[in-house]
There are 2 protein chains.
Amino acid sequence: MATEGHAGEPPSRGKRADAQRNRQTVLAAAAEVFVASGVDAPIRQIAARAGVGMATIYRHFPTRADLVTAVYHHQIEECAEAGPTLLATADSPFDALRQWIDLFVDFLVTKHGLADALQSDSDRFAALHTYFLDRLLPVCAHLLDAAVDAGDIRPGTQPYELMRGIGNLCVGRDNDPRYEPRRLIALLLQGLQHPHAP
Amino acid sequence: MATEGHAGEPPSRGKRADAQRNRQTVLAAAAEVFVASGVDAPIRQIAARAGVGMATIYRHFPTRADLVTAVYHHQIEECAEAGPTLLATADSPFDALRQWIDLFVDFLVTKHGLADALQSDSDRFAALHTYFLDRLLPVCAHLLDAAVDAGDIRPGTQPYELMRGIGNLCVGRDNDPRYEPRRLIALLLQGLQHPHAP
DNA sequence: CACTAAGTGGAGCGTTGTTCCGTTTCAGGT
DNA sequence: ACCTGAAACGGAACAACGCTCCACTTAGTG
C-alpha cells in the first residue's frame with residue numbers, strides 16, 4: 001500500500017540519489033540511537049552514528065517529531081491496520097478493543113521515552129502527537145463505537161480522551177516492577193464496561 | 001506542626017540571618033516563576049527575579065527537585081493531612097478515597113508541568129518523586145485499606161501503582177478541553193469497585 | 001573594632017539545539 | 001567525456017541552559 005506523503009513526511013521520490021541514500025542512513029542510525037538512548041538523544045549523536053553532518057538531518061527532518069515519526073512509521077501503520085482485523089477476529093467488539101489497546105501499549109512501552117514525548121507539555125513533539133492522532137484516533141473510535149453498539153461498554157467515552165489516557169499511563173521510568181501500566185488499563189476498561197446489575 | 005528536616009530540606013535555623021532571608025526571597029521568586037513558566041523554568045530566570053546570583057539558589061537548593069519540594073511543601077502537607085480527616089467525615093471509605101484523589105488531582109493540575117516532572121523518565125526529579133511518595137503513599141495506602149476493609153473495592157491494588165497512575169493521567173498540556181483527567185480517574189475508580197452482580 | 005567563617009555573585013565551562021555558508025557532488029545537456 | 005547549475009553536504013558558529021568555582025562581601029562574635 002502507498003504510504004507516501006503523510007503529514008510532515010516529504011516523499012523521497014524525485015530527490016537526488018545521494019539524498020535518498022542519506023535519508024535511509026539517518027533513519028537507520030536514529031533507530032539504533034533511539035533504542036540505546038531514547039527519542040531525546042542528541043542530534044549530534046545521531047549524526048555521528050550516521051556519519052553525516054547535523055544539517056543533513058535537519059534538512060531531511062526539520063523537527064525531531066518528523067524524525068521520530070519516520071522511524072516508527074511502519075509500526076504505527078501496523079497498529080492502525082490491526083484495528084479492523086481484530087474487530088473481525090476477536091470474540092467480541094470489547095475484546096477487540098482490549099487486544100488493540102494491548103498492541104498499542106506494547107508499542108509504547110518498548111520505545112524508550114516515546115510515551116513521554118507524545119504527551120509532553122512542551123510542544124517540541126506537537127507534530128508527533130498530531131500524527132499519532134490522525135492515524136490511530138479513527139481506529140480507536142471505530143472500535144469504541146462497535147463495542148458501544150454491541151452493548152459491551154457504556155456510551156459517552158471520547159476516543160481522544162481514552163487514547164491520551166492510555167498513552168499517559170505508559171509514561172515514566174521503564175521497567176519499574178512496582179508499576180505495570182497494563183494493570184491500571186485493565187482497571188480502566190473494567191470501569192468502562194456496563195455495571196452488570198441495575 | 002514541626003515540618004523541619006525532611007528529605008533534601010536543610011533546616012533554616014542556625015543559619016545566618018541574611019541566608020535565611022535569601023532563602024525566603026528565592027522561594028517567593030521561584031513560586032512566581034513556576035506559575036508563569038512551569039517548574040522547568042531556567043534557574044537564571046529565578047535568580048534574576050529574586051535578585052540573587054545563581055550560586056545562591058544552588059547553595060540553598062542543590063537540585064531542582066529540592067526547590068520544587070520546598071515551594072510546594074505546604075500544599076503537599078495539607079494534602080497528606082486531609083487523608084485521615086476525610087476518612088472521618090466522608091460517607092464511606094470509598095468516598096473518602098475519591099475525595100482525597102480529587103484533592104491530589106487539583107494540586108497536580110494547577111501546577112504547570114508538576115505532574116510531568118513527577119513522572120519524567122529523566123532522573124532530574126528523582127528526589128521530588130521520592131518526597132511525594134514518602135509523604136503521600138502511606139496516606140493513600142491507608143485510604144485504600146479502609147475501602148477494602150469496608151468491602152467498597154476489590155483488594156489487590158497497590159497504592160504505589162494507583163498513585164503513579166493518577167499522577168500519570170494528569171500529565172500533559174494544560175487546559176485541553178478534550179482531555180479531562182478526572183473523567184478517566186472516575187472510570188478507573190469505577191473499575192476498582194466490586195462488580196455489583198455475579 | 002577587628003577578625004573569621006559563612007555567604008554571595010557572576011564569570012566560565014560543558015552540553016545541546018539550530019542556523020548559516022563555503023564547498024562538494026549529482027544529473028542532464030552538449 | 002565534459003560542463004555547469006542546482007541540490008545536497010559538513011561543520012563552524014551562535015544561543016540557551018545547567019552547574020561549578022573562586023575572589024569578594026558581610027554578619028556576628030570577642
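These values consider heavy atoms only, across backbone and side chains, with no hydrogens, waters or symmetry-generated copies. Quick note on labels: first sequence line is chain A, next is B, and so on, each numbered from 1.
Side-chain atoms of A/Lys15 lie closest to D/dA8 of the nucleotides D/dG28, C/dA11, D/dA8. For B/Arg44, the listed nucleotide lying nearest its side chain is D/dG18; candidates were C/dT19, D/dG18, C/dT8. Out of D/dC17, D/dG10, C/dG12, the shortest distance to the side chain of B/Pro42 is found at D/dC17. The side chain of A/Ala19 approaches D/dA8 more closely than any other nucleotide in the set D/dA8, D/dG18, D/dG10.
Interatomic distance, CD of B/Gln119 versus CG of B/Leu114, reported as 9.5 Å (0.5 Å rounding).
If you check every strand for non-hydrogen atoms under 4.0 Å, A/Ala17 touches sugar and phosphate atoms only.
Side-chain nitrogen and oxygen atoms of A/His60 include none within less than 4.0 Å of the OP1 or OP2 phosphate oxygen of D/dA8. Note on B/Arg64: a side-chain N or O is less than 4.0 Å away from OP1 or OP2 of D/dG18. Proximity of A/Thr56 to the phosphate of D/dA8: no side-chain N or O atom is located under 4.0 Å from OP1 or OP2. For the OP1/OP2 pair of D/dA6 and a distance below 4.0 Å, the side-chain nitrogens and oxygens of A/Arg16 include no atom meeting the criterion. Checking the phosphate oxygens (OP1, OP2) of D/dA8, no side-chain nitrogen or oxygen of A/Asn22 falls inside 4.0 Å.
Listed by chain and number, the residues in a salt bridge (charged side-chain N to carboxylate O under 4.0 Å, His left out) with B/Arg49 are B/Glu32 (sequence neighbours excluded).
At whole-Å resolution of the value, CZ in B/Arg124 and C1' in C/dT16 are 13 Å apart. The distance between atom CG of A/Leu67 and atom P of C/dG17, rounded to the nearest whole Å, is 12 Å. Summarising the geometry, the separation between CD on A/Gln45 and C1' on C/dG17 is reported as 14 Å, rounded to the nearest angstrom.
Taking the six-membered ring where the residue is Trp, A/Phe107 and A/Phe132 present parallel rings, their angle staying beneath 30° rather than reaching 60°.
Legend: salt bridge (Lys or Arg N to Asp or Glu O under 4.0 Å) pairs involving residues 146-155 of chain A, not counting sequence neighbours: none detected.
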